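The analysis underlying the following values was restricted to heavy atoms, covering all of them including side chains, and did not include hydrogens, waters or symmetry mates. Only a predicted model underlies this, so the values are computations on that prediction, with no experimental measurement involved.
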Amino acid sequence: MHWLALPEPRRNITLAFHDGASARAWLAAQPQAQALHMVAALRLQIEAIDGSALPPAEALELLNLLRAAAVPAQENLEARYFRKALPMPEDDQRCFEHAHGLWTRLGVAYLRLAPQFPPTAKGLPLNRAACAFRMAEYCHFQAARQCPESLDRLLFGVLAQAESNGVLRQPLADPDFRHLGEANIAGHLAWAFLLRLIDPYRLTSPQLIVANRAISRWRELCTFQATPDDTPKSQTVDLLPLFGSQLPQGIPRWLDVRPVARKIRHRLEALQAGQSPESLKLGRELSPAASIRLLTELAASLKSPQRAASTEIGEIEIAFGAEHAYAIFTGDFLNPVGNLEASSTALAHDRLAMFGFDRVSQMPTAVKKLNVPGEVWTMVDGMAVRPPELQGTRRLSPCLIASTSRGKPRLGVLFGLQTTAAEALTGGLHWYEEKVEACSLKRPASHAQRAPRIPAFLLRSADAVSLILPASAGARLDVGLALDGASLEHLVPTEVLERGVDYVRYGCRLA
């Protein structure tokens, strides 16, 4: 495979053991409770095996031993980088680098070994390579870190070898992932490609966990095809964009996802009929309504992978959060300015304590010169980019944003936030097309007048009304809300339409 260039093996690392017995003794001497140290040590020894002159069978045995130790170590480490605000602190970034580096190097070591085995014995190293590269990609999704094309190429490298040697569907038990049963290479590859296709960066951490779990159960329903199915009910996805150029001859280009779409449809019907997510093997992370929203999004993603994003170009100044969005729309702060001004000493101290810096720009609104904290991002190919040299607050998505366009305020969502290889932040911008009214929740007479007021945004279209509130507002379905400063004074939330890290959008009816 001349198109696949594996990283050169490192031959300057001393192997700490020479056979299975000494490897087990070495593992027993490692600090099992120190996850970062354990992962770093395992990665180093994996590279030592990859660069050694050990016989293939012995190298495979040692890699399998280190893999078994890597699984619990990585599980203990992932909380350090799983969907943290971006950019991540240096220590958390180091944990991510070690985690994805371990799985990448493990996959490379297995893939380099595979050609040294006879065709009938290639299934095991290729199976383990596919699993390792899938895990390396998932580390990127967990950390909201841009996944490199090199990992996709490595997955295609496994696909090419497995297809040419007839082991793509060979089932193999996996003692390190017993819940997967007898997994095959095609299943691991389909799992990895499906996660890429649904754009995992736009999912919240609970959504990502549920989506990954669901796809893991449906992975082997997909089939790789050399040509797309042209039957009326077919649903095939082109894998060429993931490869980045013309696929080499012999590699299947299409993935039939119709069985997965059918599973999603059946789960949606069951949830709508009253079954719980847990009874449908979706877990406990999401409520039934949230599970319905997620599965609906996944079904749509398999048909059209990308959510519509802004197509504008040039610089854009963005204000984050409901409080600042309210100020953009109204020209005034809802709560005392001293609590919100970017120049506020208390806020500056909080930023310095939490993030280590306090640099933001000041956004003037179209109404009057009002210092609303904002950040200048740049639109590139429909994506908003914050270069690494522009220091600002750490961000999580999806989050509520506001800006001005041609002198008019607009409300939207920053979604799919991730860190690029160049350490920039990038994400998509979605602007609400409905008529937006900035208002606030009416405070009960029993509340002290000095209690902070809660911003709200009324969205109206020809046939629907919805309301956006901060996630901390504590609104409940079927419990009426009174609004100040809106064309409608009373609304009743009936369903959750969207849920971000700092906002919730409710479908409403008139009270």
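Formation of a donor-acceptor pair under 3.5 Å by the Arg112 side chain with backbone atoms of Pro7 is found in this model. Here the side chain of Glu61 pairs no donor or acceptor atom with the backbone of Glu58 at under 3.5 angstrom. A donor-acceptor pair is defined here as one N or O able to donate and one able to accept, closer than 3.5 Å; no such pair exists between the side chain of Ser205 and the backbone of Arg83. For Ser234 (side chain) and Asp229 (main-chain N/O), a donor-acceptor pair under 3.5 Å exists by modelled atom type. In terms of modelled atom types and a separation under 3.5 Å, the side chain of Gln142 and the main chain of Ile209 share no donor-acceptor contact. Looking at Arg11, its side chain does come within 3.5 Å of a backbone N or O of Gly51 through a donor-acceptor pair. At distances below 3.5 Å, not a single donor-acceptor pair connects side-chain atoms of Arg267 with backbone N or O atoms of Lys281. Between the side chain of Arg394 and the backbone N or O of Pro87 there is at least one donor-acceptor pair closer than 3.5 Å.
With ring centers used as reference points, Phe133 lies 6.0 Å or more from Phe156.
Only one option out of Phe82, Trp191, Tyr201, Tyr81 pairs with Phe141 in a ring pair (Phe, Tyr, Trp, His ring centres under 6.0 Å); it is Tyr201.
In this structure, Phe243 and Trp3 have perpendicular ring planes: the angle between them is above 60°, well past the 30° mark.
The distance from the CZ atom of Arg258 to the CG atom of Leu221 is 12.5 Å, given to the nearest 0.5 Å. Rounding to the nearest 0.5 angstrom, the gap separating the CG atom in Leu255 from the CG atom in Leu194 is 5.5 Å. How far NE2 of His37 is from CG of Leu42: 9.0 Å, rounded to the nearest 0.5 Å. Atom CZ of Phe224 is separated from atom CG of Asp256 by 11.0 Å, given to the nearest 0.5 angstrom.
If you check the side chains of Tyr110 and Asp50, you find no donor sitting under 3.5 Å from an acceptor. There is a side-chain donor-acceptor pair under 3.5 Å between Arg153 and Ser245.
Counting heavy atoms of neighbouring residues, nucleotides and ligands inside a 6.0 Å radius, atom NZ of Lys263 does not exceed 12 of them. Within a 6.0 Å radius of CD in Glu269, other residues, nucleotides and ligands contribute more than 12 heavy atoms. Under a cut-off of 6.0 angstrom, the local environment of CD in Glu423 is crowded, with over 12 non-hydrogen atoms contributed by other residues, nucleotides or ligands.
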### Task
Evaluate the criterion salt bridge (Lys or Arg N to Asp or Glu O under 4.0 Å) for residue pair Arg169 and Glu220; output intermediate values, then yes/no.
CA-CA 9 Å; Arg169 288 280 177 179; Glu220 294 181 359; 5.5 Å; no
### Query
So His100 and Phe96, ring pair (Phe, Tyr, Trp, His ring centres under 6.0 Å) or not? Walk me through it.
CA-CA 6 Å; His100 89 80; Phe96 159 72; 4.7 Å; yes
### Query
Where do Glu375 and Arg395 land on the salt bridge (Lys or Arg N to Asp or Glu O under 4.0 Å) test, with the steps shown first?
CA-CA 11 Å; Glu375 295 179 356; Arg395 301 294 178 192; 3.1 Å; yes
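Shown here for Gln207 and Leu294, the closest heavy-atom pair between the two residues is O-CD2, 3.7 Å.
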